[in-house]
A.B. asks: 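What follows is a structure written as structure tokens; I'll ask about it next.
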Amino acid sequence: MIQQLFTIVFTTSFAYSILRVSTPIILAGMAAVVSERAGVVNIAIEGMMLTSALTGVVVSAGTRSWFTGLLASLLISIFMSLILAYFILNLKANTIMCGLAINTIAKGGTVFALYLLTGNKGASTALKSLTVPQLDIPLIKNIPVIGEILSGQNLLTYLAVILVALLHVFIFHTRMGIRISAVGENARAVESVGISVKKTRYMALLISGLFSGLAGTFMSMGYMSGFTANMTSGRGFIALAANSMGQNTPWGTLLAALIFGAADSASNSLQVLKIPTQFIQMIPYATTILGITLYSIQRSNKEKKTKTKLLNQE
Amino acid sequence: MSEDLLVMSGITKIYPNGVMANDKVDFSIKAGEIHALMGENGAGKSTLMNILFGEHQPEEGEIFLEGNKVKIGSPNEAIALGIGMVHQHFMLVPSLSIAHNIYLGMEPRKHGLIDIRSMVKQAEELAEKYNFKIKSTARVADIPVGMKQKVEILKALARGAKILILDEPTAVLTPQETQELFHELIEFKKKGHTIVFISHKLKEIKQICDRITIMKNGRSMGTYDMEDMDEKSISRLMVGRDVIKTIEKAKAKPGEEIFRVEHLSCINEDGKHAVNDISLSVRSGEILGIAGVEGNGQTEFIESVTGMRKDYKGNVYMKGRCMDKLSIKQTRRAGLSHISEDRMTLGVAAEATISDNLIADKLGEEIIGYGPFLSGKKITRLSGELIETFLIKCSSEKQPVSMLSGGNMQKVVVAREFAREPVVMIANQPSRGVDVGATEFIHKKLVQIRDKGAAVLLVSADLNEVMGLSDSLMVFYGGEIVAYFEDSSKVTEEELGYYMLGIKKQSEEEIRRVLHE
């Protein structure tokens, strides 16, 4: 069985599929990084992804241009995140409740819109939608093994990796990025130097919406070609998990997303073995919980120790 | 006086809840001095400074800077005028470096990106100019409290502050850090900065301040040259009282010991040794008062003895039974009642109804239900009784507590805590923010349970209350008991003031009398 496992895992197509499967989690993970840094737990990523996925399909089918489809889906998800921001920041509504509302509306609304447009409640097969193209990278394409893994991925996959690097620079090396992080950590500190907390959070949510839109578009115009009901199936939430595992940093979240992606594609490939796929899919999450638990036990023990040490000093 | 740098004249501030925090206060500072602003808790010092820093707007009064009238509408405007404030609670971002915190929102840039190298260089130059020893690339989360304060001060200086307001800067510092801060403040003075120093630690003020303004009950008691004042005269101005309300009570007839604390020490969240080896004993039928300026370990001490804080060293006994390992519920069942100092977060659930608050500690008991079920009838009857006995003014027991006035809210707390016939009553600031009528009522109730044989431990920053209500009295200073008076009626407030401000301290033997051995 182990041999069988190796023959599945150590193939170029397996590595290729990890990148492909991880892409939406990476993009949505970046959406989570930005909003979490500003102190907003954005559970609406899921709903925004789903809405974008449908919008991309519909607009690209209507305009016969994948680029217009992409643009439209980004606009809709930014628009949704601004609505979310308005409710949270101006009307002071509960963040989780608003996120939940957006997710529920998106889940029902996309199916409703799909039915109106195609008469089908399950999939958009009636729409001749386009996909974002795949790219062959010259030179790399010809390198054995690496070429097979890295070349020929979707444009959005490459974009995702570039954006992770850009987001890293944005968060740690620009004024706005630092402000976003500072707002999440201690809003009063930021206020005390005359920076508007509200404006900063608006900015963060806007960027979060942009990434959610990219993630959603990839789902229906890259990962699959076409929209099916509830096709994001919890990837927005997995992104939140990846973000917390990656400790709110772009690179860390990228790594966590790749681990989740690997488990996901493993569970697809390992179906030939007799291990239930659900068990394999569970592994990254179980590991996360275990890791977090061990980490906090160790930390609280350390705190206790220093306190007892201080108390027994005299 | 033409030499005054800044004049605040006739400042009156009334808070929305009707408290007059400042009553026609005049305050002025001269360029290049260290000016102390002193007074008890609630005397209006912080309010006055918050007005100067633009965080509050006064109802009346004017502010003049270098002879020109100014209006300070926000902290931003204050900063623009060269006024900086270091708050008691630091406003820093823990994960960022020291340099980043100093220049937050005004970081130097190169090609649109933050130029970290030149930011660190600027921070180091600034620190060097004022003789601060800091490592500007260290993360704020990793540096000690004293260092954090320096970062706050540098933050103000980086924004061009000429007048620096420090709100109780030494409250969080160790004695060594305090001395270091004082050297730095004197250095500022030499460089032409002006400092307003809020504190209630007399010794410190004597050490570095040039002039002092004393506040009491929202009014200024005058500004004096430090040279003309000795510790006793300052203390008299600060704690001397206007109204003496006598609380009617018979002489206490203390019985056997009920509540005992032995060698209690604890470290608070700032890593400070907040309570240091405190032992005491309270007997049945007596009220033992704890006087002291706030922040001298009272909060942490009460949290420990009521079971809210578990990480203390030492032992707490109730009627000989060790309480250290018991949960709060078990402690309460054993007969300990607790009126907490923070009414809104610990005393009541503000959005819940009066009756919900009244029964909160009785869930699962026969008095309000049958087994695991609650009985609406029983609850209504009990709440009705309590509302009547404790004179809670409300339209019905279904009203949310948040609709009540401060006094009535406190009565809800008192009603709940008294309903159980307490063996030990711990009353922490029982009349804070409560009107005169309700205060009198609460005092009467405390005396009543004392006469029934309960042991009462009273903590109060209000001298009238703690002196009038207690049978015996002790003083907390720096997390220790510094004085014990067998008979509180024989203590003068002047005397008490010396202990509260750490000028005097009783001998070990005198303090040990509190154990009644």
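By convention in this document, chain letters (A, B, ...) are assigned in the order of the sequence lines, proteins followed by strands, and residues within each chain are numbered from 1. These figures come from a predicted structure and were not determined experimentally. The basis for the numbers below is simple: all heavy atoms, side chains too, and nothing from hydrogens, waters or symmetry mates.
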A.B. asks: Check whether any side-chain heavy atom of A:K304 lies under 4.5 Å from a side-chain heavy atom of B:D311, and answer yes or no.
C.D. replies: no
A.B. asks: Could you tell me which non-hydrogen atom of B:L104 sits nearest to which non-hydrogen atom of A:A189, and how far apart they are?
C.D. replies: CD2-O, 4.4 Å
A.B. asks: Which pair of heavy atoms, one from B:G112 and one from A:T174, lies closest together, and at what distance?
C.D. replies: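 Residues B:G112 and A:T174, closest heavy atoms: O-CG2, 4.4 Å.
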A.B. asks: With a 4.5 angstrom heavy-atom cut-off, is it the side chain or the backbone of B:N76 that approaches chain A, or both, or neither?
C.D. replies: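 Only the side chain of B:N76 comes within 4.5 Å of chain A.
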A.B. asks: Rounded at 0.5 Å granularity, tell me how far CD in A:E191 sits from CD in B:E55.
C.D. replies: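 CD of B:E55 is found 10.0 Å from CD of A:E191.
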A.B. asks: Taking every heavy-atom pair that is under 4.5 Å apart, which of B:L92, B:I116, B:N101 has the most such pairs with chain A?
C.D. replies: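 Among the listed options, the one with the most contacts to chain A is B:L92.
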A.B. asks: Do other residues, nucleotides or ligands put more than 12 heavy atoms under 6.0 Å from the CZ atom of A:R188?
C.D. replies: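 No, CZ of A:R188 has 12 or fewer neighbouring heavy atoms, counting only those of other groups under 6.0 Å.
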A.B. asks: Tell me, for B:M85 versus chain A, whether the close heavy atoms (under 4.5 Å) come from the side chain, the backbone, both or neither.
C.D. replies: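 Contact with chain A is absent: no heavy atom of B:M85 under 4.5 Å.
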A.B. asks: Is A:R179 close to chain B through its backbone or its side chain, or both, or neither, when contacts mean heavy atoms under 4.5 Å?
C.D. replies: side chain
A.B. asks: Measuring from atom CZ of A:F172 to atom CG of B:L113, what distance do you get when rounded to the nearest 0.5 angstrom?
C.D. replies: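 It is 13.5 Å, given to the nearest 0.5 Å.
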A.B. asks: Looking only at non-hydrogen atoms, find the nearest pair between A:R175 and B:G105 and report the distance.
C.D. replies: NH1-O, 4.2 Å
A.B. asks: Is the count of non-hydrogen atoms from other residues, nucleotides or ligands lying under 6.0 Å from A:F87 atom CZ greater than 12?
C.D. replies: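 At most 12 heavy atoms, drawn from other residues, nucleotides or ligands, come within 6.0 Å of this atom.
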A.B. asks: Is atom CD of B:E508 surrounded by more than 12 heavy atoms (other residues, nucleotides or ligands) closer than 6.0 Å?
C.D. replies: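 For B:E508, atom CD is not crowded (no more than 12 foreign heavy atoms under 6.0 Å).
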A.B. asks: Is there a donor-acceptor pair under 3.5 Å between the side chain of A:N186 and the backbone N or O of B:V93?
C.D. replies: no
A.B. asks: Tell me, for B:I79 versus chain A, whether the close heavy atoms (under 4.5 Å) come from the side chain, the backbone, both or neither.
C.D. replies: side chain
A.B. asks: Between A:V183, A:V190, A:I178, who has the most heavy-atom pairs with chain B when the cutoff is under 4.5 Å?
C.D. replies: A:I178
A.B. asks: Relative to chain A, which segment of B:H87 carries a heavy atom at a distance below 4.5 Å: side chain, backbone, both, or neither?
C.D. replies: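 Neither the backbone nor the side chain of B:H87 comes within 4.5 Å of chain A.
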A.B. asks: Please look at B:F53 and chain A and tell me whether the side chain, the backbone, both or neither of the residue comes under 4.5 angstrom of a heavy atom of that chain.
C.D. replies: neither
A.B. asks: Answer whether the closest heavy-atom distance between the side chains of A:V193 and B:R159 falls below 4.5 Å.
C.D. replies: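 Result yes, sub-4.5 Å side-chain heavy-atom pair found.
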